[in-house]
Undergrad: 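Structure incoming, see below.
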Amino acid sequence: MSYVPTESIALHIVRHLVRGLGKTQGQGVAIQTLRHWWTMSLGQQSENFELGLEYAGNCHWIERGPDNIVLLTSQGSAKVGTFR
């Protein structure tokens, strides 16, 4: 099994929020939706998703909102090169 850095996982999740789902700063999506995309659509391990989500939160690329929503921050938007 090859090692994928946690930062790369976090970036992949944030890119999906911006480019795949069209989210902008302050907009979000349910964690369950992201987890489904990660595990079912990409076939990736759920543990890696959790690590990536935690890393993105620690970097302030995302915030956890109410009702298990992940919100994109301005830093997250900037990280993937998109301001709308």
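The first residue of the sequence shown is numbered 1, and numbering continues consecutively from there.
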Undergrad: Using the rule that two of Ile, Leu, Val, Met, Phe, Trp, Tyr join whenever any of their side-chain heavy atoms come within less than 4.5 Å, decide whether Leu17 and Leu51 are in one cluster.
TA: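 Result: no, two separate clusters.
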Undergrad: For residues Gly76 and Val14, report the shortest heavy-atom separation together with the two atoms involved.
TA: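 Closest heavy-atom pair between Gly76 and Val14: O-CG1, 3.5 Å.
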Undergrad: Keeping to residues at least two apart or across chains, list the side-chain hydrogen bond (donor to acceptor under 3.5 Å, both in side chains) pairs with something in residues 31-43.
TA: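 For residues 31-43, and leaving out neighbouring residues, the side-chain hydrogen bond (donor to acceptor under 3.5 Å, both in side chains) pairs sorted by first residue read His16-Trp37, Arg35-Glu50.
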Undergrad: Hey, does Arg15 have a side-chain heavy atom less than 4.5 Å from the side chain of Val80?
TA: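 Yes, side chains in contact.
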Undergrad: What is the minimum heavy-atom distance between Gln27 and Gly22, and which atoms define it?
TA: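 Taking Gln27 first and Gly22 second, the nearest heavy atoms are OE1-O, 3.7 Å.
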Undergrad: Return a table of donor-acceptor pairs under 3.5 angstrom between the side chains of residues 53-71 and protein atoms on other chains or two or more places apart.
TA:
| residue | atom | partner | partner atom | Å |
| --- | --- | --- | --- | --- |
| Asn58 | ND2 | Glu54 | O | 3.4 |

Undergrad: Would you say the side chain of Leu42 lies within less than 4.5 Å of the side chain of His12, judging by non-hydrogen atoms?
TA: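 Yes, their side chains come closer than 4.5 Å.
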Undergrad: Which heavy atom of Gly52 sits nearest to which heavy atom of Ala10, and what is that distance?
TA: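 The answer is O-CB, 3.3 Å.
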